[in-house]
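Report on the following structure.
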Amino acid sequence: MSLTAALNPPQREAAKYLDGPLLVLAGAGSGKTRVITHKIAYLIGECGYKPSSIAAITFTNKAAREMQDRAAKLTKDVNTKGLIVTTFHSMGLRMLREDAKFAELKPAFSILDSADAMGIISEILKTTDKQEIRRAVSRISLWKNELKSPAVALASAEDDNARVYAKIYDRYDATLRAYQAVDFDDLIRLPAELLDTHAELREKWQNRLRHILIDEYQDTNIAQYRLLQKLTGVRAAFTAVGDDDQAIYGWRGASADNLKQLREDYPHLHVVKLEQNYRSTVRILKAANSLISNNPKLFEKRLWSDLGHGDAIQIMPTKDDEHEAESVVMRLLSHKFQHRTEWRDYAILYRGNYQARVFEQALRNEKVPYQLSGGQSFFDRSEIKDVIAYLRLIANSDDDPAFIRAVTTPKRGIGTATLEKLGQVAATLHVGLFEATFSAAAASQIGERHLAPLLEFCNFINRFEERITREPAGELLNDLLKSINYEIYIFDQDDTRAAQSKWNNVMEFAAWIAKKGEADEKNLLQLTQTIALITLLEGREEEEPDAVRLSTLHAAKGLEFGHVFLVGIEENILPHREAVDEGRLEEERRLMYVGVTRAKKSLTLSYCARRKRARESVACDPSRFIEELGDDVRMPDKPSTAETKASGSDRLAALKAMLG
DNA sequence: TTATGTGGCTTTTTT
DNA sequence: AGCCACATAA
């Protein structure tokens, strides 16, 4: 039995094509992941590739995990051990750890998260204005994603404004180097630069990897593309799979131009189009096609489906955000009752994470199990970040942001004034805060009363540093938590309920470390070095297997659901106001397109007449995108009165009565 | 100098 | 509802 027998002709062509670079233009629901997993199976099972010579690269850890699962299932009789399935960022991290010295980094360098990055920028700019900081961070990020160094950024700056930002970029990068730290963008940019400048590294990696498959290619940026080019070299053995209509990461430096660029850079590029949609009904697909036809076309592509017409797309006008959440949940309940579906068949998708709150409340009120995806990561919670700060500092004593967080949490009598002084000492000596603590200058400039706790803290860290590679990760972490009295600190800080939840998170983290340490035979140092890239969902996914999914549109890409509710489909939200102001309407439209094409059987859109924003209530208009869905989808003539709060609860009561 | 309490202000998307 | 700046107490 051929490993590609289950594919349709273009899918099979894509899976078996090995004569050079391949671009698969795969519309929504056309079997992208299927092609990639089958190709992996084919390469290993029929072409004799070693699993470890194949890399499949995705954008999120979740997608990577799903791909790993599907590939493993498909190749039951084929051994996939060693197969590399990762995100661009973890691939880059892997390379950078291995070849850190070429980048003048110690192997235990730290990875700074966005909060750390914003903190550094805030210091440089001497401001706390979030808007201003975010502008600088995003500017720098875009430069990094274009592989532009601070010097190049400065040279190519066109006005004073850009020159100022370029100088900030320069100081920011110097700061990172001093901390022996990298940010998320560096995880792509530095490996790409290393391969560019070091032939020996190029050779090493090109020999190791014989075929690379990239999912969601439309969302790659220049740095990622360059990394791919350097990894594949002249053989250019890669399969890029993407859909320009689903490019939604332009703000992160991704550009569908990369799709065009491929054609120019690889004249022999073979292109396969997948146009049959196996996911959605004709009605949903028609609306999606109608919507996206308002965007200029890069590659001509016509999606079709033979899954029947299906239900009409529903539009739900509501009074305000609370009413919207209640109405959606109610409609969901009645739909589930009528169709005998599972909770997991439903998804509620929205533009911004903040929109989730009202829906969570409404779902909780009705005891509907739900799972929140995207949003704040487990590792972004303050209590987890506290613990990680200790680990980071133990691993890398140059990591000043980690030092500051750890030394002040829990409070140990060291405040801003002392840290300020220590910072000055460190700056004149050109060392980190940790090392500066032990200097003669510190002894002379910082009073005994404040220096003593500093020294005690640093010695404490040193003692753990000696143990970190020797003792089991779980035990050592528990020891650390006990030593800093973290539980007491947590319960002092918050009321019992909040504290308990925080402490539970810490315990969950500790348990996760212990388990991971044993399973992968990794010590605490090794675990610390990968933590920054892992998200909450990895460990918790199975807890609530049958639950309604709450997700941002961005985080929903690549997923599909029987029944989808797109909520808050209003001007200023989708499309987002700033996106409209800055002329980025097309990407907003693609975001809407991604939402529409998540649905298999039914699609419901909702919007509010008024919405609470900050403290006051503001009037809202339905999104222009609703009209663009085509004649088949009609706006109701006037805001429906059928679904007011009162009648809503009545129907809900009736429904509950029926359910007994 | 450090730790804690209060009032004003705010929300795009993610590795 | 949460975060930050600022003011005040220890």
Side-chain angles (χ1 to χ4, degrees), chain A residues 57-64 86-93 111-115 117 122 127-131 133-134 137-138 141 144-145 182-189 216 219-221 223-224 247-254 321 349-358 360-361 373-377 379-380 382 408-421 446-447 449-450 453 492-494 498 530 532-535 551-557 568 572-582 584 587-588 590-592 594-595 611-616 618:
Chain A
I57 300 178
T58 62
F59 275 80
T60 61
N61 289 304
K62 205 178 5 164
T86 46
T87 62
F88 262 112
H89 288 86
S90 18
M91 181 76 202
L93 174 61
I111 305 167
L112 300 188
D113 60 27
S114 357
S122 149
T127 177
T128 52
D129 182 343
K130 254 193 170 159
Q131 283 282 322
I133 294 170
R134 274 230 310 262
V137 167
S138 115
S141 175
K144 287 194 173 190
N145 287 325
V182 301
D183 61 20
F184 284 125
D185 299 320
D186 288 336
L187 292 176
I188 314 290
R189 164 195 172 230
E216 310 282 8
D219 288 325
T220 52
N221 55 41
Q224 288 163 331
I248 53 176
Y249 284 99
W251 49 275
R252 215 168 67 180
D321 42 357
L349 308 179
Y350 37 80
R351 175 69 227 258
N353 286 305
Y354 67 95
Q355 290 172 271
R357 177 156 285 139
V358 264
E360 279 192 88
Q361 192 55 54
S373 62
Q376 201 199 22
S377 155
F379 293 96
D380 274 344
S382 65
T408 53
T409 324
K411 304 281 177 229
R412 43 169 66 78
I414 296 160
T416 45
T418 307
L419 282 174
E420 198 99 325
K421 267 191 210 156
I446 300 172
R449 201 164 86 83
H450 297 111
D492 275 357
Q493 282 295 290
D494 297 274
T530 54
L533 295 178
I534 305 169
T535 60
S551 169
T552 61
L553 286 161
H554 281 88
K557 196 175 63 156
N572 297 332
I573 295 181
L574 185 67
H576 192 269
R577 195 172 56 80
E578 276 179 53
V580 177
D581 290 349
E582 292 164 27
R584 302 190 329 257
E587 182 155 306
E588 297 295 301
R590 290 192 293 266
L591 199 50
M592 175 82 175
V594 166
R611 178 179 288 278
K612 264 209 294 292
R613 200 175 165 80
R615 206 150 250 176
E616 74 232 296
V618 293

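Each chain gets a letter, A, B and so on, in the order the sequences are listed, and its residues count up from 1.
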Tell me the interatomic distance from Arg134(A), atom CZ, to dT11(B), atom P, rounded to whole angstroms.
6 Å

Over how many whole Å does the gap from Glu578(A) atom CD to dT11(B) atom P extend?
10 Å

Within the 4.0 Å heavy-atom criterion, would you say Gln355(A) contacts the bases, only the backbone, or no part of the nucleic acid?
nothing

Whole angstrom value for the distance that separates C1' of dA1(C) from OH of Tyr354(A)
15 Å

Do Phe184(A) and the base of dT14(B) stack face to face, with centres under 5.5 Å apart and an angle between planes under 30°?
no

If you compare all heavy atoms of Ser114(A) against all heavy atoms of Phe184(A), which two are closest, and at what distance to 0.1 Å?
N-CE1, 4.2 Å

Would you check if Phe59(A) and Thr220(A) make a side-chain contact, meaning some heavy-atom pair closer than 4.5 Å?
yes

Whole-Å distance between dT15(B) C1' and Leu93(A) CG?
12 Å

Who are the salt bridge (Lys or Arg N to Asp or Glu O under 4.0 Å) partners of Arg189(A), not counting sequence neighbours?
Asp173(A), Asp186(A), Glu193(A)

CD of Glu582(A) versus C1' of dT13(B): gap in Å, rounded?
13 Å

Which part of the nucleic acid, if any, lies within contact of Arg590(A), taking any heavy atom under 4.0 Å across all strands shown: a base, the sugar-phosphate backbone alone, or nothing?
nothing

Pick base, sugar-phosphate or nothing for Phe88(A), based on heavy-atom distances below 4.0 Å to the nucleic acid.
nothing

Let me have a per-nucleotide readout for nucleotides 4-10 of chain C, 5' to 3', with B, S or -, counting only protein heavy atoms under 4.0 Å.
-S-----

Checking dT11(B), dT14(B), dT15(B) against the side chain of Tyr249(A) (C-beta onward), the nearest is dT14(B)

Gap between atoms CD1 and C1', on Ile188(A) and dT14(B) respectively (whole Å):
12 Å

Residues at least two apart in sequence or cross-chain that pass side chain to side chain donor-acceptor pair (under 3.5 Å) with Arg613(A), listed by chain then number, are none

Round to a whole Å and report the spacing from CG of Asp321(A) to C1' of dA1(C).
14 Å

Can you tell me which nucleotide in dT11(B), dT13(B), dT15(B) comes closest to the side chain of Thr552(A)?
dT13(B)

Can you pull every protein N or O that's under 3.5 Å from an N or O on nucleotides 2-5 of chain B?
from	atom 1	to	atom 2	distance (Å)
dT2(B)	OP1	Gly415(A)	N	3.0
dT2(B)	OP1	Thr418(A)	N	3.3
dT2(B)	OP1	Thr418(A)	OG1	2.3
dT2(B)	OP2	Ala417(A)	N	3.0
dA3(B)	OP1	Gly413(A)	N	3.0

What pairs with Arg357(A) under side chain to side chain donor-acceptor pair (under 3.5 Å), at least two apart in sequence or on another chain?
none

What residues form a side chain to side chain donor-acceptor pair (under 3.5 Å) with Asp183(A), not counting sequence neighbours?
Lys144(A), Tyr172(A)

Starting from C1' on dT13(B), measure out to CH2 on Trp251(A) and report it in whole angstrom.
4 Å

